[in-house]
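Notes follow once the structure below has been shown.
Each chain gets a letter, A, B and so on, in the order the sequences are listed, and its residues count up from 1. Just the heavy atoms: all of them, side chains too, but no hydrogens, waters or symmetry mates, feed the values below.
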Amino acid sequence: MRGIVEDALEAARLAGASYADARIVDTCHEDISVASGRLESLASNESLGIGVRVIADGCWGFAASRDVTREGAARVAREAVAIARASALAPGPAVLLADVTPVEDSWTGPFEIDPFTVNIEDKLEILLAADEAMRAQSPAIRLTKAEMGFFKVRKWFGSSIGPFIEQQWIESGAGITAYALDGNEVVPRSYPNSHGGAWMQAGWEFVTALDLSGNAPRIAEEAAAILAAPDVEPGECDLIIDGSQVALQVHESIGHPTELDRVLGDEAAFAGTSFLGLGDVGKLKYGSEFVTVTADATLPGSLGSFGYDDEGVPAQRTHLIREGLFEGFMTSRESATVFGTHSNGCMRADGWNRIPLIRMTTVSLEPGTWSLPDLIADTEKGLYVETNNSWSIDDKRLNFQFACEIGWKIENGELAGIVKNPNYTGITPRFWNSCDAVCSEEYWRVWGIPNCGKGEPMQTAHVAHGAAPARFRGVTVGVGR
Amino acid sequence: MTAEETLALAQHAVELTAADEAEALVVDETLALTRFANNHIHQNVAEDDALVSVRAVVGKRVGVASTNRTDEEALKAVCEAAVTAARQSAEDPSFPGLPEAEPVAVASDRYCASTAAFDATARARAVADIIAESSGRDLTAAGTVASSLRTTAVANSKGVGAAMPTSSARATVLAMGEGTAAGSGWASWTGKDSNELDAKGLGAEAADLAARSANPVDLEPGEYRVVLGPEAVGDILQFLAYTGFSAKAYEEGRSFMSRKLGTAIAQENVTILDDALAPHALGLTFDYEGAPKHRVPLVEHGVLIRPVTDSYWAARGGWDNSGHALPAPNSFGPYPLNLEMMPGDATLDELIGDIERGVYVTRFHYVNVEDPMTVLLTGMTRDGTFAIENGRLARPLKNQRFTQSALKALWWTSGVSAERRFVGEETASLVPAIKVEKFAFTGQTV
């Protein structure tokens, strides 16, 4: 592959590019899902291609093709230069890139058992057993879903400043959902997370350790209980959020707003901008003293980890928020020049046919000191919610509304019955400033999110968030109920 | 690849698949997108890719494998992988077999040579025209100008064989002012023929809206009479499709249609259908199983009529196959890709003119479902939200959060515009503006 990358870079140079990088990406994907006792999907996919990104006449151009040959690479590089020259018909300031030290290196993500070597029968056995265990639990459980998926990625990167980097990793994920129906309502209950389950950079061992079948009866029982439960009572209350939902809260209201390309307006027409400005660094009180947030691409096994980003910048761990104070953005080589600094290595592309964008790595709310039982016991009147069901946030990442699958009333420091449709709403900095407790490392875990959408054409990034349950005071719940 | 070449490739893949039944889907595509922000092009991309997806059937066992390589070695490998998957998979007693061949009316006007010639230079010139409308008014423009060319073929071992080329082009514009009281405006265009794009007009539409929406004010949460512009109505239709228009959701009892066919859920002025054969429609006239797409009334004069089907869910529910299969494996079920809401007889001014105190919404942002059975949606308004006072658009409003059942919005729809717009991306909908008597705003941005 090195020769093909080098041919692309040379063709770009000859065509007049002042900078070029080339990525070849080879991705294998397997997806299996069982629904209500029926095999619903069993599919594998392979995709191989090359993408070449160039700067010519001070503008960006990118072209990509499935033709991974020396001739194809050179053709794509010349096309990228022609596209960059067309960009100059509506030019902005000439593109500048922060320095990076070129390296020759390789990186491999951690795994024990390659899931692509495991028999389909073994995978189906786990899914069918979990699916059956949910349906056996309650007649209210009329629909069930059990799914697992795997990615194997190999990537070769080179650029005109000299690096050549090869990286490879495996991602595995699985989850189950029980749906209770009564003709008027459908309520889901998922394990270990909604929207496709839990995901890690890991092998088959991660899926077997989830014990889907062992958790299936509890999930089904809770789904049936939610269906019979009253709606959450509208009003303001103290809200304790479980780790998986804290992860999504971090994702939407801290991760995306701290992507510097959004702040600079690059995403304005699609997902929006950010309420943050360049002048907020070191000044804005984003959250309370209990809110410390890091972006970490070095965490072993996380979906947000790598050796180098798609600009050849090494993986890093940086603080976004320290004890409530906003410290900095996630950046790229281009955007970092705004501050005259180096990139903190957050540029990733969704495959060979997409340009890298600033993407979250593992953006985590650092653990606090509380145990969950102590936190509940410390809450006189409130609500404890688990597992995301719905999410929405405005184009500046300020006004959000999330709904969870299940809630429990808290009365006099004790869980006091299930409520359904527990949604809550808030304004980002007010919400994070209302955080007065975060649970300890014992409750902290990394939640993989394999479906983060951004960019046009749409890109789906695999990112992650470390999170533990946390408490927020005076939150509006039960909206529109 | 030409339509003939993609069909030949699909038929060859079917022949290579040693299974009881086999199906191959081949897509050859060239996509390009020029993206601009801050009044200049900042991203500009193009790609060529392909898909060969093979569905193998062994008894009642089904497996699917796909690749983006089209050489003989890769073809043999993907066909073998599909057969291996089928042999190892679990039996589905309900599987009815692959669909039989039916006549397909392949549309000849879905591919435009002008769109194929809409290259990076032409896209950049369109962007420059769009930007000029904002930069001349101290506004900044962001958006996209894009094109896609596809040739799609489906073949199976029962004689299905259909292929056709399609093209589409799209442009979007967000014009924005600067500062905390800035306004923003939106305009979009989607079509088959890039020659029909009026870049200057699109840029002007967004810039006018941005200028008009500056200095927005607060709105108290509550129920209001609203007029939803076509972009917002398009979102509502997409969420109705996502939650309930599929026969899979219907048969599983999780659709608002389940056990309610023949029931009135909206006023008589609400008729929603899916019609891939309509003159304005984008995309294929056959589905991803090669079955002909049929015009399907979904809601007729307020009454629920039927969901859309594919071969599997048609057999499961005793429906006819309406030709709405997505590519296999499809855990989502059949899906309407060419939605349309029929027009009424009012002008937009007449819809607004009837409201003493209400809200006009240009479009929504980041909508999501809180309850699929009532299609309870939450999301924000964006890029042109105005108070309606005494029958006229008045002060611009801050972006509002709504938490509202889409079904109830249809129930309270008291007016439908005669003019419709084609909104969305490659699954664009042809939709009017509507007047809704009760629509719940539950918060706003700051």
Side-chain angles (χ1 to χ4, degrees), chain A residues 33 35 38-49 59-66 79 82-84 86-87 89-92 119-121 124 128 142-143 179 181 183-186 265-266 268-269 353 355 390-396 398-399 401 403 421 423 425 427 456-457 479-480, chain B residues 31 33 35-38 40-50 63-69 81 85 88-90 92 94 120-121 124-125 127-128 131 142-144 172 174 176 252-254 329 331 365-370 372-373 378-380 382 399 401 403 440 442-446:
Chain A
S33 68
R38 180 176 80 89
L39 175 64
E40 200 164 58
S41 168
L42 169 55
S44 61
N45 172 256
E46 293 185 2
S47 179
L48 172 68
C59 297
W60 284 116
F62 175 82
S65 174
R66 65 190 179 89
E79 186 183 356
I83 288 172
S87 300
L89 292 171
N119 285 334
I120 289 171
E121 288 100 327
L124 277 173
L128 288 166
R142 305 248 303 278
L143 287 173
Y179 297 88
L181 284 75
N184 297 310
E185 286 184 279
V186 181
D266 288 1
N353 56 348
I355 55 169
S390 174
W391 65 102
S392 171
I393 191 163
D394 75 21
D395 61 316
K396 289 187 168 52
L398 279 169
N399 181 308
Q401 184 161 311
N421 302 320
N423 66 3
T425 190
I427 300 293
E456 295 174 287
V479 186
Chain B
L31 312 174
L33 185 144
R35 203 171 188 212
F36 54 101
N38 299 310
H40 68 266
I41 293 172
H42 68 307
Q43 294 168 10
N44 204 346
V45 304
E47 65 172 293
D48 58 76
D49 199 5
V64 177
S66 61
T67 179
N68 71 338
R69 291 172 52 197
Q88 294 183 350
S89 84
D92 179 358
S94 302
T121 301
R125 288 191 176 123
V127 168
I131 287 173
T144 57
T172 63
L174 171 73
M176 296 180 294
E252 291 178 344
R254 56 182 174 83
S331 58
H365 170 80
Y366 216 136
V367 183
N368 213 327
V369 184
E370 290 204 357
M373 293 294 269
T378 188
M380 298 295 297
R382 185 178 171 181
N399 290 336
R401 174 163 294 287
T403 307
T442 53
Q444 68 179 11
T445 195
V446 291

Whatever's closer than 4.5 Å to a heavy atom in chain B on S47(A) counts as both
So, the part of P457(A) with a heavy atom under 4.5 Å from chain B: the answer is both
Most heavy-atom pairs under 4.5 Å with chain A, out of A85(B), A142(B), S331(B), A50(B), belong to S331(B)
Does the N68(B) side chain pair with the main chain of D49(B), one donor and one acceptor, at a distance under 3.5 Å?
no
Looking only at A65(B), S89(B), A81(B), S66(B), the option with the highest number of non-hydrogen pairs under 4.5 Å against chain A is S66(B)
Counting heavy-atom pairs under 4.5 Å with chain B, the top scorer among P91(A), S44(A), G49(A), A86(A) is S44(A)
Okay, S65(A) and chain B: the region with an atom under 4.5 Å from a heavy atom over there is both
Note: vs chain A, highest number of non-hydrogen pairs under 4.5 angstrom among T445(B), L31(B), V369(B), T442(B) is T445(B)
Okay, N38(B) and chain A: the region with an atom under 4.5 Å from a heavy atom over there is side chain
Turns out that what part of I393(A) lies under 4.5 Å from chain B's heavy atoms comes down to both
Okay, I355(A) and chain B: the region with an atom under 4.5 Å from a heavy atom over there is side chain
Q.
Side chains of L124(A) and L39(A), heavy atoms from C-beta outward: is any pair under 4.5 Å?
A. yes
The interface call for Q401(A) against chain B, heavy-atom contacts under 4.5 Å, is both
Ranking A43(A), A403(A), G480(A) by heavy-atom pairs under 4.5 Å to chain B gives rank one to A43(A)
Comparing Q43(B), E252(B), M176(B), R35(B) against chain A, the one with the most heavy-atom pairs below 4.5 Å turns out to be R35(B)
So, the part of T144(B) with a heavy atom under 4.5 Å from chain A: the answer is side chain
Note to self: Does T378(B) form a side chain to side chain donor-acceptor pair (under 3.5 Å) with R401(B)? I'd like the steps, not just the answer.
What the structure shows: CA-CA 7 Å; T378(B) 188; R401(B) 174 163 294 287; 2.9 Å; yes
Between I83(A) and G61(A) the two heavy atoms that sit nearest each other are CG2-CA, 4.0 Å
Between M373(B) and G253(B) the two heavy atoms that sit nearest each other are CE-O, 3.7 Å
Cut-off 4.5 Å, heavy atoms of chain B, and the answer for D395(A) is both
Closest non-hydrogen contact found for L174(B) with A268(A) is CD2-O, 3.3 Å
If one checks every heavy atom of N399(B) against chain A at 4.5 Å, the contacting part turns out to be side chain
Per-residue tally against chain A (heavy atom, under 4.5 Å) across R125(B), Q444(B), R382(B) peaks at R382(B)
Ranking R142(A), E79(A), E185(A), E121(A) by heavy-atom pairs under 4.5 Å to chain B gives rank one to E121(A)
Comparing S87(A), C59(A), G265(A), A63(A) against chain B, the one with the most heavy-atom pairs below 4.5 Å turns out to be S87(A)
Counting heavy-atom pairs under 4.5 Å with chain B, the top scorer among N184(A), D266(A), N353(A) is D266(A)
Original post:
Is there side-chain contact between N399(A) and T425(A), with at least one heavy-atom pair below 4.5 Å?
Top reply: yes
If you tally heavy-atom pairs under 4.5 Å between each of H42(B), Q88(B), R254(B) and chain A, the highest tally belongs to Q88(B)
Verdict with reasoning, N421(A) to E370(B), per side chain to side chain donor-acceptor pair (under 3.5 Å):
CA-CA 8 Å; N421(A) 302 320; E370(B) 290 204 357; over 6 Å; no
Closest non-hydrogen contact found for I131(B) with F36(B) is CG1-CD1, 4.0 Å
Bottom line for A35(A): the part with an atom under 4.5 Å from chain B's heavy atoms is neither
Cut-off 4.5 Å, heavy atoms of chain B, and the answer for L181(A) is side chain
> Under 3.5 Å, is there a donor-acceptor pair linking the side chains of N368(B) and S392(A)?
Replying inline: no
Cut-off 4.5 Å, heavy atoms of chain A, and the answer for V45(B) is both
